[in-house]
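We name chains A, B, ... by the order of the sequence lines, and we start the count at 1 in each one. Note that the structure is a prediction, hence the values are computed from the model and not measured.
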Amino acid sequence: MFDNLATRLQNVFTKLRGRGRLSEQDVGEALREVRLALLEADVNFKVVKDFIAEVKERAVGEEVLKSLTPGQQVIKIVHEELAALMGSGQSKLAFASKPPTIIMLVGLQGSGKTTATAKLAHYLKNQGKRPFLVAADIYRPAAIEQLKILGEEIGVPVFSKVGKSVLALAKQGIREAVPKNCDVVVVDTAGRLHIDEKMMNELEEVKREVRPHQVLLVVDAMTGQDAVNVALVFKERVDFDGVILTKLDGDARGGAALSIKAVTGRPIKLASVGEKLDDLQPFHPDRMSSRILGMGDALTLIEKAKTAIEADKAQALEEKIRKDSFDLEDFLEQLRQFRRVGPASQIMEMLPRIPGLPNVGKLQVDEGQLGRLEVIIQSMTPEERRDPTIINGGRRSRIARGSGTTSHEVNQLLKQFEQARKLMKQLGKLSRPKPGRRPFPFIV
Amino acid sequence: MRKGWFGKLKGSLKKSRERLSSHLSPLLAHFPVLDEGFWEGLEEALIEADVGIQVTQELLDKLREEARAQKIRESAQLLPRLKEKLVDILTTEKQPLFSEGKLGIFLMLGVNGTGKTTTIAKIAHRAKIEGKNVLLAAADTYRAAAIEQLEIWGKRVGAATIKHRRGSDPAAVVYDAIHAAQARDVDVLLIDTAGRLHTYIHLMEELQKIKRVVMREAPEAEIKTLLVIDATTGQNGLSQARLFGKALEVDGVVLTKLDGTAKGGIIAAIEDELKIPVILIGVGEKLDDLQEFDARAFVEALLS
Ligand SMILES: Nc1nc2c(ncn2[C@@H]2O[C@H](COP(=O)(O)OP(=O)(O)OP(=O)(O)O)[C@@H](O)[C@H]2O)c(=O)[nH]1
Ligand SMILES: [Mg+2]
């Protein structure tokens, strides 16, 4: 019914094919559709409201990229902002410096904790860990039995004892794990309502006494508007570190993921995408935002358009890299492109992982900074831009004065440039990309 | 007298409202005169209850039309009208839960973790209280310890469970259960099935096969196919109802976990589009936490 946002936006924009800047009206009409799409995806209405306001502020007046329609341009901004809100990169599980690492799973009834516990153990085992499970759901009939069977299937020990409290089980379980040489203890707890005082007190107590290194909230991807209430209370009571999103293999758009991240700031760490025990995966926030918007196709389109525009520039740049003549002019051009494509953090995410290049992260610049860097470079003479090595103390203070910055900042920019140049050089050696395929030499 | 589900519901809703909510009484105080602020607040209240954007817009469009035509100025006049409209959508003909004088078979379906097994226990408990002879069929042969879970409930309510080993054909379990029910003069047979996502075609086919067995082996029985939906579910609930309903004819919905802060508004969309009535609601984890669905009470709680 509502799942094709791209088509609907196209209808809104059939008349508006012009270029120039996004008008208030373009943005308003497009965002009305976006709002519906987000609500339809179960993103909490308050989160949607804030989000739309923010996007509107950013989008009005923005330049429409060549070969994008205003509608696509708005989607592009929406997607970037969504991705920023969802968080970037994968959020890994943290392990204790001194094992065993204790992980506790909590959540509402039926969210999938017990299965997730077993899947997590399987996942950890595949990573070379030696997990140990504690079956502490003492309430649901046969829940302990369920975990025991699953533990057997994946070859992971499961501890439980009848007649014990959750706290006693957790404590004793951890003690049992150590001599067995296990390094991660995963505690499964009973499902509970966030408004059930007694049950929430129980969790609080376990958290206080056992001090798990990670508390993970297990959330059903099909959860509706109430997800924020649940997440807020669980955060208040047990301050969970991250979320496992379950049942993502269905057709739920999963807006709850966005709501929870937005209101608690806690990342989604893992996603469960099937009934089999190896169906637990690291979570990809970027894919999730496309899913929530229900518009993978439109994004591919935008990507393509983007690539086409910058292709000629990219080709010239690649040429330079091969000749090792990458200079500050090029750096400036790149900064401008960065700005057009989206938040710098996202660009960094698109970088391929290359062994021996641990410094990539240092290139990270925020949006405000980008503007300043531009001004600094503009305050340089053409010679200085071509050959930054001639910039001495005197030239440095002149540039700083001219750009309203400090010598220190000019220095920093030169360092960043140097890093980028080295990166380019190495990448140039690593791959001979087909010309005209990528806007940036280092983006795959 | 036992506290009705509505009382229970209101209790929990009150707590959640103190914590976080928008909602209608403050809305009326804030916007006593009909204006955009009021309409927006009304829309948000419905969205927040998971009614969904489609039904919400339909409802509000009708209300706006009425307000215009009848020159309604006060917000307070509108609220009862909204409630009536929702009650209309949700009201269906009541049918007795248990049929008299013949075998009643309940086939429970739903996505994973919605409360199928627990609801079976609750229905069995109620049937026992009414003096019925009850039998359970452990046709969830997929999930670990699902059979044990059903059996434990069976023992608690005093009903026998027909079971095979884990991993066996669920239709075969159902076949045996029906013949056992016929031989033992059972009044109510409750069939538990494995939770499954409605998007898996082969799993929907498995259900179709089970239902074929039921209809073939027990033509004399009154069969109720009930879809169990978790009240916490958002818009995906509609997709669940559509696809389970497409695979086999669903006679009714059981809406569980209404004791939380979620309001289960998605059932309005389900009834509006698919006309599948809500029959029962679950308001807790205990055996007596099962109530007949009452449209008016539900709407009052939804828009409190
Ligand atoms: N608070 C609350 N919890 C419920 C309700 N109904 C079921 N539950 C709980 O939800 C959890 C899942 O219930 P089950 O009956 O096992 O659900 P199911 O649909 O059979 O699950 P699968 O067979 O695994 O798909 C259990 O912890 C139940 O106690 C309800 O009305 N309120
Ligand atoms: Mg079950």
Task: Nearest heavy atoms of B/I152 and A/P141, plus distance in Å - done: CG2-CB, 3.8 Å

For the atom pair [atom1] ([X]) and [atom2] ([Y]), what is the distance rounded to the nearest 0.5 Å?
X      : Y      : atom1 : atom2 : result
B/I53  : A/F45  : CD1   : CZ    : 11.5 Å
B/N112 : A/S111 : CG    : OG    : 11.5 Å
A/N229 : B/E48  : CG    : CD    : 6.5 Å
B/T261 : A/L193 : OG1   : CG    : 8.0 Å
B/Y142 : A/E275 : OH    : CD    : 4.5 Å
A/I149 : B/R166 : CD1   : CZ    : 6.0 Å

For [X], which atoms come within 4.5 Å of any heavy atom of chain B: side chain, backbone, both, or neither?
X      : answer
A/I144 : neither
A/E153 : side chain
A/K49  : side chain

Evaluate whether atom [atom1] of [X] has more than 12 neighbouring non-hydrogen atoms of other residues, nucleotides or ligands under 6.0 angstrom away.
X      : atom1 : value
A/E204 : CD    : yes
B/R156 : CZ    : yes
B/K275 : NZ    : yes
B/K163 : NZ    : no

Open item on the list: Could you check whether any side-chain N or O of A/K247 sits under 3.5 Å from a backbone N or O of B/L197, counting only pairs where one atom can act as donor and the other as acceptor?
Closed with: no

Open item on the list: Donor-acceptor pair, distance only, cut-off 3.5 Å: does the side chain of B/D50 make one with the backbone of A/G224?
Closed with: no

TODO: Mind ranking A/A41, A/A142, A/A143 by heavy-atom pairs under 4.5 Å with chain B and telling me who comes out on top?
DONE: A/A142

Task: Residue selection (most heavy-atom pairs with chain B, distance under 4.5 Å) from A/Q225, A/K148, A/E145 - done: A/Q225

Open item on the list: Looking at B/E43 and A/R35, is there a salt bridge between them, counting it only when a charged N and a carboxylate O are closer than 4.0 Å?
Closed with: yes

Need one label for [X]: side chain, backbone, both or neither, based on atoms under 4.5 Å from any heavy atom in chain A.
X      : result
B/T232 : both
B/I47  : both
B/E285 : side chain

Counting heavy-atom pairs closer than 4.5 Å to chain A, which one of [options] comes out on top?
options                : answer
B/S239, B/G265, B/G52  : B/S239
B/T199, B/T118, B/T117 : B/T199
B/T233, B/V111, B/L150 : B/T233

Task: Donor-acceptor side-chain pairing of B/N236 and A/D42 below 3.5 angstrom - done: no

Task: A/M222/B/Q235 under side-chain contact (heavy atoms from CB on, under 4.5 Å): CA gap, chis, key distance, verdict - done: CA-CA 8 Å; A/M222 297 179 277; B/Q235 301 311 297; over 6 Å; no

Open item on the list: Would you say that A/R140 contacts B/Q149 through its side chain, given a criterion of any heavy-atom pair below 4.5 Å between the two side chains?
Closed with: yes

Task: Side chain proximity check, B/D230 to A/Q109, heavy atoms < 4.5 angstrom - done: no

- [ ] Starting from the C-alpha separation in whole Å, work towards a yes-or-no answer on side-chain contact (heavy atoms from CB on, under 4.5 Å) for A/D251 and B/H198.
- [x] CA-CA 9 Å; A/D251 57 351; B/H198 47 292; 2.7 Å; yes

